[in-house]
Amino acid sequence: MKNLVIAAAMTCMVCACSQQSTESENPFFSEFQSPYGSPDFDRIQLADYEPAFLKGIEQQNQEIKAIVENPEAPTFENTIVALDNSGEILNRVSGVFFALTSADTNDELMALESKIAPMLSEHSDNIYLNEALYQRVAKVCEQEKSGAIQLTTEQHYLLEKYRKAFERSGAALDKEKQARLREINKELSTLTIDFSNHVLADNNAFKLVVDKQEDLAGLPEAVIAGAASEAEAQGEKGKWVFTLQESSRTPLLQYAQNRELRKQIYQAYTSLGNRSNENDNKEILKKILTLRVEKAQLMGYDTYAAYVLADNMAKTPENVLDFLHNLWGYSIQNAKKEAAELQQIMDKEGKGEKLEAWDWWYYAEKLRQQKYNLNEDEIKPYFSQEDVQKGLFYVVNKLYGITLTPTDTVPVYNKDVKTYIVNDADGSFLGLFYCDYMPRASKQSGAWMSNFREQKEGVRPLIYNVASFTKPAGDTPSLLTIDEAKTMFHEFGHALHGMLSQCKYQGVSGTAVAQDFVELPSQIMEHWTVEPEVLKVYARHYKTGEVIPDELVAKIENQALFNQGFMTTELLAAALLDMEFHNLTTTEGLDVMAFEKQLMDKLGLIPQIAPRYRATYFRHIMGGYDAGYYSYLWAERLDADAFEAFKEHGIFDPATAKAFRQNILEKGGSDDPMKLYEAFRGSQPSLEPLLKNRGLK
């Protein structure tokens, strides 16, 4: 059942077929026969998806009907557990389909996304607006409240999850309001798909072709080789092509002496979805925000942010805004100091130029070299993707005793995907792990974790991580930046949350937690990436095998706070943009770009910095982080404080790792998140470690 809830919330979708798939042939109609019950990608065809979704909806409808028509009085088992276990076929096809629409899509899949999304929205509404089903859930709640039944903590939180799901889906509304809510949900399900597909299409439509070698001055050889390889792949042999993928865009901004090239790629990126073409997102975003306001007000909230946050740790928009504005005061001061330092470097060059947004990365890299005698290109040879992953697996083995063994027996959806069998210290099977790290045109930008199958009692999960790291070029393997290495550790933190889960019910297992708690397991993992003790294990020169020298490790440590004013400010700007968009009580007369500019001006954001995601390509707020982008910083307060516990006792201290595993990673959403945190740490989190880690105080 949990996958359906997530699918409705995140507007994940389904794919159309021109052929028919028979019941005997359709691999989704029964458990997969592949190793470990993994998706049988060798058998799955495009034609299988739509029939599987239709069959899955039919099956779940029958299961819901059986619950509602059960002549026995409602009980936790015959109502809540039965609901949690419903939708097996739908969960199976959803897990595969949503993975592909994000990581390896095509025109046919995108077309069927738009066709099936409103069907899934309607199906979800049919469940959560089912009055008879809601009354059975309510009766179980009454039984617990009156003391007629005694539930475990996990059972209580599963019951609460479903009670809230019904109430937050409009079960208590009158029929007229429910009818309007259904219309809103259907429209949102397609609009959010359109928004994301526009970003992908606009991203893929851009390429910066360089045909003069002198224009590549300043770029490292590996970057030039990568651009030449991209050019050949795009039919531009003998030239160099840069794309808006981060692994292509950022090195150009960081190293290219040609200022015009930097300007072109920066402006292309920051105008995604805002080019007044067929991929323009301004009106779509306004429609989405309008519908969200209406939905929230139907549900009795003034704003959509208030509706979302009522179910999060933060509870109210005021709490979030106070938190963000408090950090903003520190970060913008640091950002202005950094901008002044960069301008000084430009002044010394004597060109009379003023610092612009497309200059920041370039002159920040120069400043890094001046301050710390460190060029990031000097570090990358020690961070091959393969070695970083070895370091990651070493860390989780030291912390939790788990091992990851590569396997080629598990079918995959793309040749770039690698698979691993995950075992616990006692040899027991914990799950499968898939990683998909190579950029391609069929993949949405960013990085994420999800699963093909979720954990519950007797069932181990199938987890995947997706990212778009630097491509290999010629004889040079994929060499990661420190940020990319941290991203790998980050996403595997989410994977740990899923694969170490030990919950009885899938509705509260793994990452099924409050939105502003889910980033704790991922963000704490980032801390180990550049710990000196860890670097000496995995950071080896890809050519010589030489361990990273002590002087480079020291430089990495010394520059840990470098450019943090910029990075914190662009993150906060995006979080505040998200929050203020969703704190509107009306969208009458709204111009989304004018709103963004007015907000940034009011905040005092300097023109050399843009929000990390601008309004028209802010995909996070289409896919589960609507009124929730603040969660990264909210959870950072937790992860920075939590890592202090490891530093106090040793970064691989067995007792601390065991406490984190047992109280956080294994528990999923089976208890109140702050109670789980306090059980691990012994107290509520302090803000001081976050401020210290970001150099804000």
Side-chain angles (χ1 to χ4, degrees), residues 5-13 98 102 117 120-121 124 164-165 168-170 181 184-199 273 281-299 301-321 323-324 444 446 448 450 511-519 571-587 590 592 595-596 599 611-635:
V5 177
I6 292 173
M10 297 180 68
T11 61
C12 294
M13 325 104 204
F98 298 154
S102 295
L120 287 181
S121 173
S124 180
K164 289 178 181 178
R168 290 174 61 78
S169 298
L181 187 61
I184 291 170
N185 288 341
K186 272 190 179 181
E187 195 169 354
L188 282 172
S189 72
T190 55
L191 285 171
T192 50
I193 291 168
D194 291 344
F195 184 99
S196 293
N197 287 343
H198 283 181
V199 176
N281 272 334
K282 292 190 289 292
E283 284 306 309
I284 289 179
L285 178 57
K286 181 180 178 180
K287 287 179 185 177
I288 289 168
L289 294 172
T290 301
L291 290 169
R292 285 175 174 172
V293 170
E294 185 181 359
K295 178 174 180 174
Q297 292 176 352
L298 275 175
M299 299 299 299
Y301 295 88
D302 290 336
T303 69
Y304 187 75
Y307 166 70
V308 169
L309 292 167
D311 202 33
N312 278 1
M313 292 181 75
K315 299 303 180 190
T316 68
E318 291 74 23
N319 288 342
V320 172
L321 289 169
F323 172 71
L324 296 177
Q444 296 281 6
W448 59 91
S450 193
T511 56
V513 300
Q515 183 188 57
D516 45 11
F517 187 69
V518 76
E519 296 298 334
L571 175 58
L572 278 167
L576 284 160
L577 178 61
D578 164 40
M579 191 54 54
E580 295 292 4
F581 266 143
H582 291 109
N583 218 23
L584 291 169
T585 56
T586 178
T587 57
L590 176 67
V592 295
F595 181 89
E596 177 186 303
L599 175 61
R612 182 167 294 181
Y613 300 102
R614 299 192 66 195
T616 52
Y617 56 93
F618 204 163
R619 286 187 59 249
H620 284 76
I621 63 174
M622 299 298 122
Y625 282 82
D626 34 319
Y629 195 66
Y630 77 93
S631 298
Y632 291 96
L633 284 161
W634 186 275

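Residues take their numbers from the sequence shown, with the count starting at 1.
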For this session: State which residues pass side chain to side chain donor-acceptor pair (under 3.5 Å) with Asp302; sequence neighbours excluded, sorted by chain then number.
Result: none
Problem set entry | Option passing side-chain contact (heavy atoms from CB on, under 4.5 Å) with Glu187 (candidates Asn185, Ile184, Leu191) | Leu191
Problem set entry | Note, Met299 side chain near Leu181 side chain (heavy atom, < 4.5 Å) | yes
Exercise. Of the options Phe595, Tyr629, Tyr304, Phe618, which is the one that meets His582 in a ring-ring contact (aromatic ring centres under 6.0 Å, His included)?
Worked result: Tyr304
Exercise. Which distance, rounded to the nearest 0.5 Å, do you find between the OG1 of Thr192 and the CG of Asp626?
Worked result: 9.0 Å
Exercise. Below 4.5 Å, heavy atoms only, C-beta onward: do Ser450 and Phe98 meet side chain to side chain?
Worked result: no
Exercise. Which value, rounded to the nearest 0.5 Å, describes the distance between Leu571 atom CG and Leu633 atom CG?
Worked result: 4.0 Å
Exercise. Could you give the distance from CD (Glu318) to CE (Met579), rounded to the nearest 0.5 Å?
Worked result: 10.0 Å
Exercise. What's the spacing between Arg292 CZ and Tyr307 OH if we round to 0.5 Å?
Worked result: 11.0 Å
Problem set entry | Least distance between heavy atoms, Tyr301 atom then Ala310 atom | OH-CB, 3.8 Å
Exercise. In this structure, are over 12 heavy atoms from other groups packed under 6.0 Å from Lys286 atom NZ?
Worked result: yes
Exercise. In Å and rounded to the nearest 0.5 Å, what is the CG to CD distance from Leu321 to Glu580?
Worked result: 5.0 Å
For this session: Could you pull out the closest heavy-atom pair between Ala574 and Pro611, with the gap in Å?
Result: N-CB, 3.9 Å
Exercise. Taking Ser196 for the side chain and Ile193 for the main chain, is one N or O donor matched with an acceptor at less than 3.5 Å?
Worked result: no
Exercise. Donor-acceptor pair, Asp516 side chain versus Trp634 backbone, under 3.5 Å?
Worked result: no
For this session: Determine whether Met622 and Leu188 make a side-chain contact, defined as any pair of heavy atoms from C-beta on separated by less than 4.5 Å.
Result: no
Exercise. Got Leu309 and Tyr630 here, is their nearest side-chain heavy-atom distance under 4.5 Å?
Worked result: yes
Exercise. What's the shortest heavy-atom distance between Pro317 and Thr303, and which atoms?
Worked result: CG-OG1, 4.4 Å
For this session: To the nearest 0.5 Å, tell me how far Tyr617 OH sits from Leu285 CG.
Result: 13.0 Å
Exercise. Do Asn319 side-chain atoms and Ala314 backbone N/O form a donor-acceptor pair below 3.5 Å?
Worked result: yes
Seminar exercise, completed: Sequence neighbours excluded, the answer for side chain to side chain donor-acceptor pair (under 3.5 Å) partners of Gln515 is Asn312
Problem set entry | Check: Ile621 and Ile288 side chains under 4.5 Å, non-hydrogen atoms | no
Exercise. If only atom types and distance count, is the side chain of Glu519 paired as donor or acceptor with the main-chain N or O of Ala635 below 3.5 Å?
Worked result: no
Problem set entry | Candidate list Thr290, Val293, Leu584, test side-chain contact (heavy atoms from CB on, under 4.5 Å), partner Leu590, passing option | Leu584
Problem set entry | Side chains of Arg612 and Tyr632 in contact at under 4.5 Å (non-hydrogen atoms) | no
For this session: Please check if any side-chain donor atom of Asp578 sits under 3.5 Å from a side-chain acceptor atom of Tyr625, or the reverse.
Result: no
For this session: Say whether, by atom type as modelled, one donor and one acceptor occur between the side chain of Gln297 and the main chain of Thr585 under 3.5 angstrom.
Result: yes
